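Written out below as structure tokens is the structure these notes cover.
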Amino acid sequence: MPKAVGIDLGTTNSVIAVMEGGKPEVIVNAEGARTTPSVVAYKGDERLVGQIARRQAALNPQATLFEVKRFIGRRWDEIREEAARSPFKVKEGPGGSVRIEVAGKDYAPEQVSAEVLRKLVNDASAKLGEKIKDVVITVPAYFDNSQREATKQAGEIAGLNVLRVINEPTAAALAYGLERKGNETVLVFDLGGGTFDVTILELGDGVFEVKSTSGDTHLGGADFDQRIVDWLAGEFQRDHTFDLRKDPQALQRLIEAAEKAKIELSSASETTISLPFITFDPETRTPQHLERTLSRAKFEELTSDLLRRVREPVQQALSDAKLSPSDINEVILVGGSTRIPAVKRIVQDIIGKTPNESVNPDEAVALGAAVQAGIIQGDSALGDIVLVDVTPLTLGVEVKGGMIAPMITRNTPVPAKKTEVYTTAENNQPGVEIVVLQGERPMAADNKSLGRFKLEGIPPMRAGQPQIEVTFDIDANGILHVTAKEKTSGKEASIRIENTTTLDKTDVEKMVQEAEQNAAADKARKEKVEKRNALDSLRIQAVQQLDEAQNADQGAKDKLKAAADAAEEAVRSDDDAKIDAAQKALEEELRSFMTANQGAAQTGAPDSGPTVNTRKDDDVIDADFKPAD
Ligand code: ADP
Ligand code: MG
């Protein structure tokens, strides 16, 4: 059975891991890195993913998409403000959903995330030497239903079979707790690039039981960067009356510089931000530079409200778990932003304990996801691990007076199923509309509406007489399914909760096809480039041979020269058929030329760059033949 992998699909960085000999291991990507930036860039009809995309962001700000996880499964009205700060174009899509527009084409956030998943899996497949299909993907514990669905769909669009969606902090705890014996209560504090999660778990005897979870899906390292961006832009504006944030290229450079400064301030107490030629002053016609020194103290001042915001979810998680700080045995820090000294200080301050640094904050989540994948596949090395996770938010239905009637309250272990009986408010009411809500507020309107559906055909009855049985069923992914049944008539209706922002089946299918076509086009493009390169290197070899074998027969030299010229012409023409023909012709010419001039070639100039390996007469130069650069 091919192995299932675990994927931490992060806002900023993603990591993929697999079980190897009973232990989870990170799989390095094609560039040899353990983490892959969750960045996708579109260049013409080409897509760049990961570090290569990230590197060209400042030159291609409108088509380089990053932190797209902030938009996945969300409604436009929820992210409007964040969208305004983005160098690329984020806009309202169908049904109040979110779309990203690049060069006149709209992409759903799911599609962009699918590109990241595809790269991770392709690279890992190449490393493992087998095609990976089954994956476990992690999501912030505090992700709501539509964010989970959307993440699962991203996996489907990437052509993957998503075995399970699990919570990031739970995964981190799995990675941490795998080697621990004894009972412990741990608090996982995960502050990444865009989201913040706090989860309290009890570990012991292979049981990982989540007690409570809380967080803020709108808080992460990028917010800290943004504070520096705003400060820099504000300082600049004071002197130049020009808002750098209005220029996408300048904005992208500001964001990059801000993040770099922030990271430096995790170890240094002061840093200098230098952005030469940040813009051009149209009045004085002179280039403008930006240089500022930022101290750690100033940075902490700029971000003091963000630092305060991490307190609340920690306290909420403690009170939901009915624990006090002293009940926590270990604090596990996950996520790059926990390297900020002030963040560490706050955690220490709330819990009164030095955080445990035994897990790698960048890798723990993916490792835990790999463990979960192993559990699902029945990896015998894992023994009997039991994972009990909870639903992060209360789920309910809207009832008379615009109130929410909770069905499954937050922190209920999943999977969970609950049935309640409702009735009608009016005489002879022919149907009811069931509005499914998620959130903690008492009024329906203040919570997130996950979707609505109608149960119709209720026979005429007096108000209060029909018995409408509504069942909420949360699966192990934390994804909700709802059914409703009128008992006297037996009428039934059910929905898979499809928020208006969630892609429907046909959308997903279309995107799967598109992604596959893109992958095929990428492959074709790559093959074409390789083919051209192969011919070009062969041509270089031929030219070299001509140089080295000065004394060769003129007729033979002319023939080889002609074949090399034809190759050059073919490479330039970009015509596949021409390239194939020229490749074949040049191979033949070069082979017979070399056979005739073996000695001459070797005595020519042995050290002058790439030379053709000495070969037997029957050796053919294969298509992979490249200069030994
Ligand atoms: P995600 O899970 O959202 O992908 P990560 O856990 O990879 O995020 O964390 C990324 C965030 O961590 C980024 O905002 C990055 O700037 C920040 N970060 C990484 N290293 C450091 C550091 N040494 N000091 C401060 N912040 C850091
Ligand atoms: Mg993360």
Side-chain angles (χ1 to χ4, degrees), residues 6-17 26 29 33-40 50-51 54 57 65-72 82 112-113 116-117 120 137-143 147 151 165-173 175 188-199 215-229 254-269 271 294 296 299-300 302-303 306-307 310 332-347 357 359-369:
I7 298 177
D8 169 8
L9 179 62
T11 309
T12 327
N13 296 300
S14 296
V15 182
I16 183 166
V26 168
N29 65 15
R34 300 172 73 82
T35 61
T36 300
S38 309
V39 183
V40 176
Q51 188 56 33
R54 187 179 171 143
L65 316 183
F66 59 94
E67 287 169 23
V68 167
K69 187 174 172 180
R70 286 183 170 230
F71 307 132
I72 202 163
E82 271 170 272
V112 181
S113 294
V116 176
L117 291 171
L120 290 168
I137 305 178
T138 61
V139 292
Y142 218 55
F143 253 24
Q147 291 168 298
T151 302
V165 169
I166 70 163
N167 294 333
E168 288 164 10
T170 309
V188 180
F189 182 103
D190 181 353
L191 188 61
T195 56
F196 174 45
D197 261 344
V198 184
T199 293
D216 187 336
T217 46
H218 272 66
L219 182 63
D223 298 299
F224 289 75
D225 301 346
Q226 186 64 36
R227 290 304 156 83
I228 303 179
V229 168
L254 279 179
I255 294 174
E256 283 172 16
E259 186 188 16
K260 190 162 158 266
K262 172 191 72 178
I263 291 175
E264 278 167 10
L265 290 174
S266 288
S267 47
S269 58
T271 181
L294 179 61
R296 190 188 285 176
F299 171 63
E300 289 177 5
L302 292 172
T303 56
L306 300 176
L307 292 166
V310 306
I332 301 163
L333 296 182
V334 183
S337 302
T338 58
R339 295 201 175 96
I340 297 173
V343 170
K344 275 194 195 153
R345 225 165 44 225
I346 283 200
V347 182
E357 310 222 18
V359 303
N360 179 331
D362 300 322
E363 298 181 355
V365 171
L367 294 175

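In each ligand, atom 1 is the first atom listed, and ligand 1 is the first ligand listed. As the structure is a computational prediction, the values presented were derived from the model and not from experiment.
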Hey, which atoms in ligand 1 end up nearer than 4.0 Å to a heavy atom of [X]?
| X | answer |
| --- | --- |
| T11 | 1 (P), 3 (O), 4 (O) |
| G335 | 6 (O) |
| G221 | 14 (O) |
| G10 | 4 (O) |

For [atom], what's the nearest protein heavy-atom neighbour? Residue, atom name and distance, please.
| atom | value |
| --- | --- |
| atom 10 (C) of ligand 1 | T12 OG1, 3.5 Å |
| atom 5 (P) of ligand 1 | G336 N, 3.6 Å |
| atom 14 (O) of ligand 1 | K262 NZ, 3.1 Å |
| atom 16 (O) of ligand 1 | E259 OE2, 2.5 Å |
| atom 20 (N) of ligand 1 | R339 NH1, 3.6 Å |
| atom 3 (O) of ligand 1 | G193 N, 2.7 Å |
| atom 7 (O) of ligand 1 | N13 ND2, 3.0 Å |
| atom 25 (C) of ligand 1 | S266 OG, 3.2 Å |

> Are the aromatic ring centres of Y142 and F196 under 6.0 angstrom apart?
Replying inline: no

> Quick one: do E168 and K69 make a salt bridge, cutoff under 4.0 Å?
Replying inline: yes

> Under a 4.0 Å N-O cut-off, is there an ion pair linking R54 with E67?
Replying inline: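 Answer for the salt bridge query: no.
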
> Should R339 and E357 be marked as a salt bridge (Lys or Arg N to Asp or Glu O under 4.0 Å) after you check the CA-CA gap, both sets of side-chain angles, and the distance that decides it?
Replying inline: CA-CA 11 Å; R339 295 201 175 96; E357 310 222 18; over 6 Å; no

> Would you say G220 touches ligand 1, if touching means a heavy atom closer than 4.0 Å?
Replying inline: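 Under 4.0 Å: no for G220.
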
>> With a cutoff of 4.0 Å, is I263 in contact with ligand 1, counting heavy atoms of the residue only?
In response: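 Yes; I263 lies near enough to ligand 1 that a heavy-atom distance drops under 4.0 Å.
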
Does [X] use its side chain to pair, donor to acceptor, with the backbone of [Y] at less than 3.5 Å?
| X | Y | result |
| --- | --- | --- |
| T195 | P140 | no |
| N13 | G10 | no |
| N167 | P169 | no |
| R227 | T303 | no |

> How far apart are the closest heavy atoms of A364 and A175, and which atoms are they?
Replying inline: O-CB, 3.4 Å

> Considering distance alone, does some N or O of S337 sit under 3.5 Å from an N or O of ligand 1?
Replying inline: yes

> For T36 and S14, what are the C-alpha separation, side-chain angles and deciding distance, and is it a side-chain hydrogen bond (donor to acceptor under 3.5 Å, both in side chains)?
Replying inline: CA-CA 5 Å; T36 300; S14 296; over 6 Å; no

